[in-house]
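These notes are about the structure you will find just below.
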Amino acid sequence: TGSQGMLLLDCDGRVYARGEDIFGTLGTGYEADGTCPIIPDEEAPNWADPTPLELDQRFDALLPRLAQQACMQTGGELWCSGTYERSFGGFEERRYCAYERLEGPAESWKGGVTMGLATCLVSEEGRLFCAGSLRSGMAGDGRRYFRTRRWYENPDRGPWRVVSVGWDFVCGVKEEGTLWCWGAAEGGALGDPSIPAESAPRQVGERRDWEWVWSDRDQRTSCALNASDELWCWGENGGLLGVGDVAPRPVPTRVVFAD
């Protein structure tokens, strides 16, 4: 879901749209002359019921949507639509009214694609590349890059299984099952108070059974799932972490669900 509409994926790989298409995120197409004009809110397409998009491809997954961008994945390819006001990986700063393939530094991508103000992609070989607003050391090399369309490869070759971009930090899980974070350290974002800010990727704890991690692109909050189906969260809280209070958690804390 996004701020104005939603995309749905059925079991056969077909994509449906519902809601308004103010920013082009639903990929409803260009005008006859090839332009993609700014559409006033009151004139934007608005579907009350799920409407199939006329796409030639069948897709494997929908990626977490942003307010003005949306992407989906098929066979290692990444297709995106929407409005790109900042340098955003392989896209120019303009509106895309139809889904177009993102051209990255590798031929194909696996399920580690994640987007915020920065874009990070995991290649089939497990290498990690990032572009966009890589502030606070998010590139993993201890440097800052702002609004760059250049792809920077993380010095740590992993191999990575999945990564997630937070507000000004990144967390990822390697194929060996270890959890790593880097970038800004405020609010307990890195899951370990001993990890210095703007550093190279550092391991969080000693566990080797992590399978998945998610970081909030709007706050310094993350959650990870291990092989025992336990959910652990850390960072800023305010009730988001589901740990029974609103206090921040500087280290991963298990979320206990009611029966």
Side-chain angles (χ1 to χ4, degrees), residues 64 66 111-122 126-146 148 152-228 230-256:
L66 306 180
V113 182
T114 184
M115 298 181 173
L117 295 179
T119 304
C120 289
L121 309 176
V122 177
R127 296 162 63 188
L128 174 58
F129 299 86
C130 295
S133 183
L134 303 174
R135 58 197 188 281
S136 303
M138 295 170 68
D141 59 5
R143 302 178 62 185
R144 299 182 180 186
Y145 305 97
F146 294 94
T148 174
Y152 289 91
E153 182 174 2
N154 196 297
D156 189 328
R157 295 294 184 92
W160 297 93
R161 178 185 303 165
V162 60
V163 296
S164 187
V165 177
W167 175 248
D168 49 9
F169 67 99
V170 182
C171 290
V173 173
K174 292 186 178 182
E175 289 291 356
E176 63 187 13
T178 52
L179 175 65
W180 301 68
C181 292
W182 62 98
E186 289 81 3
L190 304 185
D192 184 342
S194 68
I195 298 178
E198 303 190 21
S199 64
R202 299 290 183 91
Q203 186 173 346
V204 180
E206 301 297 328
R207 300 186 67 136
R208 304 179 68 88
D209 63 346
W210 298 108
E211 295 188 340
W212 167 88
V213 64
W214 168 87
S215 299
D216 193 326
R217 66 180 178 86
D218 293 321
Q219 299 196 53
R220 298 185 178 102
T221 299
S222 298
C223 291
L225 190 71
N226 64 22
S228 300
E230 296 174 346
L231 184 67
W232 296 69
C233 298
W234 65 94
E236 295 177 342
N237 189 357
L240 291 175
L241 301 184
V243 292
D245 56 53
V246 298
R249 292 296 193 276
V251 298
T253 302
R254 185 180 176 185
V255 179
V256 179

**Prompt:** Taking only residues two or more places apart in sequence or in another chain, which ones pass side chain to side chain contact (heavy atoms under 4.5 Å, CB included) with E176?
**Reply:** K174, T178, W180, R208

**Asked** With A200, which residues qualify under side chain to side chain contact (heavy atoms under 4.5 Å, CB included), at least two apart?
**Response** none

**Complete:** disulfide (SG to SG under 2.5 Å) pairs touching residues 169-215, sequence neighbours excluded, are C171-C181

**Asked** Do any pairs count as a side-chain hydrogen bond (donor to acceptor under 3.5 Å, both in side chains) and have a residue in residues 181-192, sequence neighbours left out, and if so which ones?
**Response**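 Listed once each, the pairs are D192-S194.
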
Under the side chain to side chain donor-acceptor pair (under 3.5 Å) rule, collect the residues that match up with [X], sequence neighbours excluded.
X: R144; answer: E198
X: W232; answer: E230
X: R207; answer: D209
X: D216; answer: none

**Prompt:** Got a sec, which residues hit ring pair (Phe, Tyr, Trp, His ring centres under 6.0 Å) with Y145, two or more places apart in sequence or on another chain?
**Reply:** Y152

**Prompt:** From L179 CG over to R161 CZ, what is the distance, rounded to the nearest 0.5 angstrom?
**Reply:**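 Rounded to the nearest 0.5 Å, the CG-CZ separation comes to 11.0 Å.
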
**Request:** Hey, could you give me the CZ/OG1 distance between F129 and T119, rounded to the nearest 0.5 Å?
**Result:**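 Separation between the atoms: 14.0 Å.
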
**Asked** According to the salt bridge (Lys or Arg N to Asp or Glu O under 4.0 Å) rule, which pairs have a member within residues 162-171, sequence neighbours left out?
**Response** D168-R220

**Prompt:** By salt bridge (charged side-chain N to carboxylate O under 4.0 Å, His left out), which residues pair with R202, not counting sequence neighbours?
**Reply:**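 In terms of salt bridge (charged side-chain N to carboxylate O under 4.0 Å, His left out), with neighbours along the sequence ignored, R202 is linked to no residue.
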
Let me have the donor-acceptor pairs involving side chains of residues 240-249, under 3.5 Å, with sequence neighbours excluded, atom names and distances please.
residue, atom, partner, partner atom, Å
D245, OD1, A247, N, 3.1
D245, OD1, R249, NH1, 2.9
D245, OD1, R249, NH2, 3.2
D245, OD2, R249, NH2, 2.8
R249, NH1, A247, O, 3.0

